[in-house]
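Structure first, commentary second.
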Amino acid sequence: MAADAPVEQQPSMPPMPDQPPAPIKPSRGKRAKAAFAVQCGHAAARTKDWLAAGELDQVDLIQAATQKKQRKHSEEIAQQQRIVAEAHGRLAHAKMRTETDGAQPVSAATLAHLGGRVAAEESKLAGMEAMPVMPPTDREINNFRHGKQAGRAAVLAAGGFGSLSVLGAAVEQAATGQPVILAALGTAAGYGWYLVSRPFDAGQPAPAPTTEMQQLATPIDMTKPEPQPGVREFNAPPPPALKVEQLEEALRKIGMVKGDDQLQILAVPQREKDGNTTVVFDLPAGQKVATLQAKLEEFAGAIGRDSTMVDVQKAGSAVRTSLWITDEDPFENTRPSPLIKTPGQIDAFKDGVPVGWGKRGNTVKLPISTSNIVIGGGTRSGKGVGASNLVVGTSFDPRINLRIVAGKNNGEWDPYARAGVASTYCKPSPERLLALLRAELAEKDRREAELGKLGKSKLVAPVIEQLGGIEVVAIDELATYTRPGKPLQEEILEALVLLASVAAGAGIILVVLTQYPGADVFPTELAVNFTTKWAMRVDTAQQSNAILGAGSSGMGRDASKFDPPRPGLGWLVNPFAGLTDKARSFDLDEDERGEITMLLEKAAKIREKAGRLAGQWDDPIEKHLLNATGLSSVAGGPKRDGVPGRNVLNHTPEQRMQMEALRGCLIAMNDLGRDMAQTDEMAKLIGGGLNEERLGELLRAGGAGGSVKITVPHKEGRVNGYRRAQIADALNFLSGA
């Protein structure tokens, strides 16, 4: 080819139209800087949202503000309780100085001032406890949010300054040869940065990623998963159990709201944590809470519930109503006595005896102080279990002297005798009951004289032991003794009426049980002095009124209308505890579970330690009964079965010699193989220097009587001697067997 020949030019290939230009890959430094910028954006947005309390929605704020108000209310009540306790302490100290010999007495004016302060502080406490916690206002909710924001800002500021000081100290330590601290600090800081720099969930503020960052990383799906069917997305409060409109309509149906009258709602109904609902409102002018309480059955039906599921209480004024509602029958299931779990000594005078529970699940305690108690109900109504809770509970206070008169000859009350907690116990006997009541009347006179010396008008806690304890006389099946035509009926009723009317102030309390409540069994002159009443299921409104008082059924308290009737459920009235409502007794079983015996054994240990077990102390009532009848019923008598007898502890030396002679004669007859014997041959077998004449004297004095004609194998005809039956009967009577 010639040198000057032209070179053939190759045409250049044009770029393919469907092929994108190659991307320019950013340097590593640029990528790190971009990633750090995004992280800073996430951290700033997250911190800003945290400072603004953005994660708290309106429901959370309302719940938190409500809890704050409730805590504050509880703290105020606790503080007021401390003030009341301090006032009681000052009054008690002043009284003690007045009653203590040699101490400087406190003036009557000071005592009156201290007593007035106690009453004022207790009234203030009662008002605080009755006042419901109102729902938070919008202002309170906003204040709670602002307080949350201010607190977080303070935490952030303190954390910033703290981190600088900690970082400086760590660097200084690392410079002095401790690099491990700096490494740990770096690890913690790195993890903390990771937590705050993560992207937010969907719906939360976050800076939009740059185009450069989109090229560096694959986007991550941070959206929340779809909610599953039936699963709540947040913990919203459940709907109210009763709307205001429904409440007003129900009150109109029963005539408590009329015409243009309207309710003033003070606390909007909302379900509580236990599922129940409480609403506080003011009734229209002219209506009272007491009127609504009398119409409780109608009102409960109007709101679609049973009366056991509704509770109406006065919350201060006569029109201010606290309405409590539940969706389940609180008396449907039985409950064990709290004494089974914690069988310890109790103060029955001050704190009362736990006998059952009320609608709101509260334990009902009956004080053994200045009120006689009647428990009535038909067959299988549960009055026996209710009485057992009461009487067993009293045994846990060693200051109580328990006297039990059984209504039947079965063993229902025998455990009290076997455990030794019953100071007196006997099976049905009109004669024995009358003797006991007369002994208590004599004891009343002694106690009243003692109270006069102490300058007291009635029994008070500091002088209980000084007077000899509290007498509790429990009479089962009152109709056994007071029904017309019964032996000694008039005498027993007269003694009961006198004791019930004047003896409670001296510390002698009557507890009666009756299966047939009526004017002939429980007459008005007796019933008016029983201020604590527990009426379980009966057949008629008249029987219910016989227990609860005339007109009670007209005020809504009718023990013949329990639906369904449950054992131990009854209307309980106790003015000292401020209780007039339904209550059910704790389940306390002896026949199958032996719970009464178990509790009485615990109570016996408490009494033995205090020296108040039957037979451990000088009992004036049993001493009176022994002098009047010659028989002892301490802890149920010699056999502890409710049958009075001659107590060996009270036998004279002569009586003990008579019993030894009688036992010797029975042994002699066994040796002879006969059921009859002469005095001389029995004296020889007994021995010990006992001759025929002395043996005859002991047998006659011991109750065997004179000798009778008998037949013996070694003598012809009939001779003088004793039969086995004579000797055995005399020994049984003398020993109380």
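- Formation of a donor-acceptor pair under 3.5 Å by the R612 side chain with backbone atoms of I400 is not found in this model.
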Does the pair T308 and D329 meet the rule for a side chain to side chain donor-acceptor pair (under 3.5 Å), with working shown? CA-CA 6 Å; T308 59; D329 186 349; 3.2 Å; yes
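- Summarising the geometry, atom OG belonging to S388 is positioned 4.0 Å from atom CD1 belonging to I596; distances are rounded to the nearest 0.5 Å.
- Looking at E440 and K444, no side-chain N of the basic residue comes within less than 4.0 Å of a carboxylate O on the acidic one, giving no salt bridge.
- Under the 3.5 Å distance criterion, the side-chain polar atoms of W357 are matched with a main-chain donor or acceptor of P330.
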Residues R335, D587; criterion side-chain contact (heavy atoms from CB on, under 4.5 Å); working and verdict: CA-CA 6 Å; R335 296 188 183 185; D587 184 20; over 6 Å; no
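- Here CG of L292 is found 6.0 Å from CG of L283. Values are rounded to the nearest 0.5 Å.
- In this structure, N401 contributes its side chain and G468 its backbone to a donor-acceptor pair below 3.5 Å.
- More than 12 heavy atoms of other residues, nucleotides or ligands sit less than 6.0 Å from atom CD of E86.
- Taking 4.0 Å as the cut-off between side-chain N and carboxylate O, D351 and K365 do not count as a salt-bridged pair.
- When atom types are taken as modelled, the side chain of Q616 and the backbone of L613 share a donor-acceptor pair closer than 3.5 angstrom.
- Looking at heavy atoms from C-beta onward, L402 lies in side-chain contact with V391 at the 4.5 angstrom threshold.
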How far apart are the C-alpha atoms of I325 and I303, what are their side-chain angles, what is the distance that settles it, and do they pass the side-chain contact (heavy atoms from CB on, under 4.5 Å) test? CA-CA 10 Å; I325 305 171; I303 60 176; 4.2 Å; yes
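- When atom types are taken as modelled, the side chain of K359 and the backbone of S307 share a donor-acceptor pair closer than 3.5 angstrom.
- The main-chain N or O of V312 is found under 3.5 Å from a side-chain atom of Q293 such that the two form a donor-acceptor pair.
- Considering only heavy atoms from C-beta on, M256 comes within 4.5 Å of T291 through its side chain.
- Side-chain N or O atoms of T342 include none that pairs as donor or acceptor with a backbone N or O of L339 at under 3.5 Å.
- Counting only distance, with no hydrogens or angles, the side chain of R584 and the backbone of P567 share a donor-acceptor pair below 3.5 Å.
- With hydrogens and angles ignored, the 3.5 Å screen pairs a side-chain donor or acceptor of Q246 with a backbone N or O of K243.
- Paired with Q79 under the rule side chain to side chain donor-acceptor pair (under 3.5 Å), one option of R82, E76, Q81 passes, and it is R82.
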For side-chain contact (heavy atoms from CB on, under 4.5 Å), just list the numbers for V502 and N529, CA-CA rounded to whole Å, side-chain angles, deciding distance to a tenth of an Å, and then say yes or no. CA-CA 9 Å; V502 298; N529 294 304; over 6 Å; no
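- Side-chain atoms of T321 never come within 3.5 Å of backbone atoms of L323 as a donor-acceptor pair (strictly under, hydrogens ignored).
- Under the 4.5 Å side-chain criterion, counting only non-hydrogen atoms from C-beta, F281 is not in contact with S322.
- Between I340 and E595, the closest side-chain pair of non-hydrogen atoms falls below 4.5 Å.
- A salt bridge between E465 and R399 is absent, with no side-chain N of the basic residue lying under 4.0 Å from a carboxylate O of the acidic one.
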Test side chain to side chain donor-acceptor pair (under 3.5 Å) applied to T326 and N276, step by step: CA-CA 5 Å; T326 183; N276 303 325; 2.8 Å; yes
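- By the 4.0 Å N-to-carboxylate-O rule, D261 lies too far from R252 to be salt-bridged with it.
- The pair R447-E450 fails the salt-bridge criterion, with no side-chain N (NZ, NE, NH1 or NH2) lying under 4.0 Å from an Asp/Glu carboxylate O.
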